Number of protein chains: 2
Amino acid sequence: MIREDAVSEEPDFDPYHPDCPSRQLVDRVGDRWTILVTGVLSDGPARYGEIAASVGGISPKMLSHTLKALERDGLVTRKAYAEVPPRVVYELTDLGRTLRPVLLSVEAWARENAPAVLSARERYDAS
Amino acid sequence: MIREDAVSEEPDFDPYHPDCPSRQLVDRVGDRWTILVTGVLSDGPARYGEIAASVGGISPKMLSHTLKALERDGLVTRKAYAEVPPRVVYELTDLGRTLRPVLLSVEAWARENAPAVLSARERYDAS
DNA sequence: CGGTATCCTCAAAGATACTG
DNA sequence: CAGTATCTTTGAGGATACCG
């Protein structure tokens, strides 16, 4: 029984291999600011200042850095309007929207299990 | 119409607030090694050396550090058998298993969208 | 308003060597 | 085998100030 490798194997991206590009994607998705910024954009387009206000604690530098990385990866679009004062709107691309369910589930997990993890930590630290 | 806040509000963990503990959970889940190590343990219990072999590129130090953090958070159990040579088996707890679908979806996303992201990058870098 | 530019710190992470 | 100990580096990330 000969298997059609070309069909069943695909290019075979494997994040468990250190040199695979998909490893970088795990890193990007895993980035704390990526998760939070993309989470905000999941609710619809938003301006720079709105994102900054929504994601508490992020510095201008990290926000712009995160946004730029997301834009480079084709996950977010940036539209600047030549007005005074300037207005810049960020929005998820179709590709970026495929990330929504993933990131939202990370967020939901964090919310739901914070109590359990926190008490596990106390127990661990006590011993 | 008076709302029962105690019922509908829950403790209200919000990762978007910088001081909320759930922010740390987003960070932990987002950690590259956490994703990969937990991914391995999703297939069942595994020994230290097995995990090391599966997760390409991880150093002994980071593996033990990651494992310890997961144990502290109540996501993984560690069982050491007093044998020669020593055998130590790590396993996901029930709480840790709630993380499986989340992490697996991150991994799946990375695999599936690596080509699209990679070509977006090339396009971006070209301009 | 929407960013850059700059400086600075600290800790995450790699490499290596060694031990219970 | 399963780690720990130690040393070192580098760059992520915060704070601040300023520019188009």
Side-chain angles (χ1 to χ4, degrees), chain A residues 15-20 23-38 40-41 45-73 76-91 124, chain B residues 15-20 23-38 40-41 45-73 76-91 124:
Chain A
Y16 290 94
H17 190 283
D19 300 328
C20 179
R23 172 72 71 94
Q24 296 172 20
L25 295 210
V26 170
D27 289 356
R28 163 141 342 290
V29 174
D31 181 70
R32 58 187 300 200
W33 299 128
T34 295
I35 293 179
L36 266 8
V37 168
T38 313
V40 171
L41 293 177
R47 303 175 56 170
Y48 180 92
E50 292 172 339
I51 305 174
S54 297
V55 181
I58 193 170
S59 66
K61 176 184 163 187
M62 287 317 294
L63 178 50
S64 115
H65 178 254
T66 303
L67 252 8
K68 219 171 269 177
L70 289 170
E71 202 191 344
R72 179 167 111 102
D73 286 352
V76 159
T77 56
R78 187 196 118 114
K79 270 183 204 142
Y81 298 88
E83 305 171 353
V84 206
R87 187 165 55 99
V88 181
V89 178
Y90 292 91
E91 186 171 6
Y124 183 96
Chain B
Y16 289 95
H17 190 285
D19 300 327
C20 180
R23 173 72 71 93
Q24 296 173 20
L25 294 212
V26 169
D27 289 355
R28 163 138 344 288
V29 173
D31 181 71
R32 59 188 298 198
W33 298 128
T34 294
I35 293 179
L36 266 9
V37 168
T38 312
V40 171
L41 293 178
R47 302 176 56 170
Y48 180 91
E50 291 172 339
I51 305 174
S54 297
V55 180
I58 194 171
S59 66
K61 176 186 162 186
M62 287 316 295
L63 179 51
S64 111
H65 178 254
T66 302
L67 252 7
K68 220 171 269 179
L70 289 171
E71 200 191 345
R72 177 168 113 102
D73 286 351
V76 158
T77 55
R78 187 195 117 113
K79 271 184 204 141
Y81 298 87
E83 306 170 354
V84 206
R87 187 166 54 100
V88 180
V89 178
Y90 293 91
E91 186 172 7
Y124 184 96

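Chain identifiers are assigned alphabetically (A, B, ...) following the order of the sequence lines, protein sequences preceding nucleic acid strands; residue numbering begins at 1 within each chain. Quick caveat, the model's predicted, so the values are computed rather than measured.
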Keeping [X] on the side-chain end and [Y] on the backbone end, is there a donor-acceptor pair under 3.5 Å?
X	Y	value
A:Arg72	B:Tyr124	no
B:Arg87	B:Tyr81	no
B:Glu71	B:Lys68	no
A:Tyr48	A:Pro60	yes
A:Thr34	A:Arg28	yes

Expressed as a whole number of angstroms, how long is the span from [X]:[atom1] to [N]:[atom2]?
X	N	atom1	atom2	value
B:Arg28	C:dA12	CZ	P	10 Å
A:Lys68	C:dT4	NZ	C1'	8 Å
A:His65	D:dA15	NE2	P	17 Å
A:Tyr48	D:dG20	OH	P	17 Å
A:Tyr81	C:dG3	OH	P	13 Å
A:Asp19	C:dG14	CG	P	13 Å
B:Trp33	C:dG14	CH2	C1'	10 Å
B:Ile51	D:dA2	CD1	P	9 Å

N/O donor-acceptor pair, side chain B:Lys61 with base D:dG3, under 3.5 angstrom: no
Nearest-nucleotide 5' precedence on DNA chain D, A:Arg32 against A:Pro86: A:Arg32
Between [options], which one does the side chain of [X] approach most closely?
X	options	value
B:Met62	C:dG14, D:dG14, D:dA2	C:dG14
B:Asp31	C:dA13, C:dG2, D:dT4	C:dA13
B:Arg78	C:dG20, D:dG14, D:dG3	D:dG3
A:Ser59	D:dC1, D:dG14, C:dT4	D:dG14
A:Val88	D:dG3, C:dG3, C:dA15	C:dG3

A:Ser64 side chain near C:dT4 phosphate (N/O to OP1/OP2, under 4.0 Å): yes
C:dG2 OP1/OP2 closer than 4.0 Å to side-chain N/O of A:Arg47: yes
